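Here is the structure we will look at, set down as structure tokens.
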Amino acid sequence: MVELIIQVLINAVALFVAVKVLPSNLLSFNWGNDWWKLLAVALVFALVNSYIKPIVKALSFPISIMTLGLVAFVINAAMLLLVALASDSLKLGFKLGTFPPTLNSDAIIGALVGAVIISVVSTVASIALSPRKLV
């Protein structure tokens, strides 16, 4: 339970950084003064990455071998698009370009670049928060 809370907080920070770094035509998030919306999107993101992403990665394993792992960028972008779709149905205000409802090049580029930024920030935060092991 504690690990899920930490992962949601790390995802919230990573989403916040991605929203601030990317222009609003690629990634936008209208949370106003409601920080709970950011935490709700981070929770959806953590659940998607915990339950759906491993299944997709397992099914795409042969393609991942052929592309030397570059398909992972596409999988991360697809998971971010899925989070945007879930956010729209929950009325949280997270959008990639004009998706949802319209999937265009801005949404795809926003998903790809946003996924890279979120991955880098969450990896750095996870390393910073992990307990040090002396080996």
Side-chain angles (χ1 to χ4, degrees):
M1 183 68 177
V2 173
E3 292 177 12
L4 178 65
I5 293 171
I6 291 172
Q7 190 62 40
V8 167
L9 292 175
I10 289 172
N11 285 340
V13 170
L15 284 167
F16 181 77
V17 169
V19 167
K20 292 299 180 186
V21 169
L22 288 176
S24 62
N25 66 331
L26 295 179
L27 188 124
S28 64
F29 190 18
N30 296 326
W31 66 73
N33 291 328
D34 298 329
W35 284 95
W36 65 269
K37 288 184 179 181
L38 179 64
L39 293 176
V41 171
L43 176 65
V44 171
F45 190 69
L47 292 174
V48 164
N49 280 338
S50 296
Y51 295 110
I52 297 174
K53 187 176 179 181
I55 296 169
V56 173
K57 284 182 80 170
L59 292 174
S60 68
F61 183 69
I63 297 170
S64 182
I65 291 175
M66 291 187 327
T67 62
L68 301 175
L70 291 177
V71 76
F73 290 119
V74 176
I75 292 172
N76 288 341
M79 295 301 113
L80 199 56
L81 287 168
L82 187 61
V83 169
L85 188 63
S87 170
D88 184 58
S89 65
L90 295 172
K91 307 274 190 273
L92 295 174
F94 182 71
K95 286 186 163 280
L96 290 163
T98 57
F99 182 78
T102 308
L103 184 64
N104 57 9
S105 62
D106 282 345
I108 294 170
I109 292 170
L112 285 169
V113 177
V116 169
I117 292 171
I118 290 169
S119 296
V120 168
V121 172
S122 63
T123 300
V124 169
S126 295
I127 290 171
L129 293 176
S130 68
R132 305 277 184 211
K133 293 181 182 179
L134 297 173
V135 176

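For clarity, every value in this text was computed on a predicted model and none was experimentally measured. Residues take their numbers from the sequence shown, with the count starting at 1.
A77 and A115 make their closest contact through N-CB, 3.9 Å (heavy atoms, listed as atom of the first residue, atom of the second, distance). A pairwise comparison of heavy atoms in A111 and L81 identifies CB-CG, 3.9 Å as the closest pair. For the residue pair L39 and A12, the shortest heavy atom distance occurs at CD2-CB, 4.0 Å. Looking at every heavy atom in both residues, A86 comes nearest to V44 through CB-CG1, 3.9 Å. Across L96 and L80, no two heavy atoms sit closer than the pair CD1-O, 3.6 Å. Of all non-hydrogen atoms in A14 and S122, the two that sit nearest each other are CB-N, 4.1 Å.
Residues in residues 92-120 take part in these ring-ring contact (aromatic ring centres under 6.0 Å, His included) pairs, two or more places apart or across chains: F29-F94. Within the structure, side chain to side chain donor-acceptor pair (under 3.5 Å) contacts touching residues 42-66 (residues at least two apart or in different chains) are K53-N76. The ring-ring contact (aromatic ring centres under 6.0 Å, His included) analysis of residues 59-84, with sequence neighbours excluded, yields no pairs.
A continuous path of hydrophobic side-chain contacts links L85 to I52 [ILVMFWY only; heavy atoms under 4.5 Å]. When hydrophobic clusters are built by joining Ile, Leu, Val, Met, Phe, Trp and Tyr residues whose side-chain heavy atoms come closer than 4.5 Å, directly or via intermediates, V124 is not grouped with L9. If you chain together hydrophobic residues whose side chains sit under 4.5 Å apart, V121 and I5 never meet in one group. Both W35 and L27 are assigned to one and the same hydrophobic cluster, defined by single-linkage of ILVMFWY side chains at heavy-atom distances under 4.5 Å. A chain of hydrophobic side-chain contacts below 4.5 Å, direct or via other Ile, Leu, Val, Met, Phe, Trp or Tyr residues, connects L112 to V21.
Grouped with L59 in one hydrophobic cluster are I55, the linkage being side-chain heavy-atom contacts under 4.5 Å among Ile, Leu, Val, Met, Phe, Trp and Tyr residues. Other cluster members for V2: I6, I10, L129, joined by side-chain heavy-atom distances under 4.5 Å among Ile, Leu, Val, Met, Phe, Trp and Tyr.
For the pair K95 (side chain) and P100 (backbone), a donor-acceptor distance under 3.5 Å is present.
Evaluation of the side-chain contact (heavy atoms from CB on, under 4.5 Å) rule for L43 yields V8, L47 as partners, not counting sequence neighbours. For P23, the side-chain contact (heavy atoms from CB on, under 4.5 Å) partners are N25, L26, not counting sequence neighbours. With sequence neighbours left out, the side-chain contact (heavy atoms from CB on, under 4.5 Å) criterion links T123 to I127. Judged as a side-chain contact (heavy atoms from CB on, under 4.5 Å), and not counting sequence neighbours, the contacts of L92 are W36, K37, A40, V41, S87, L90. Partners of T98 according to the side-chain hydrogen bond (donor to acceptor under 3.5 Å, both in side chains) rule, which considers only residues two or more places apart in sequence or in another chain, are N104.
Between I117 atom CD1 and L15 atom CG the span is 11.0 Å, to the nearest 0.5 Å.
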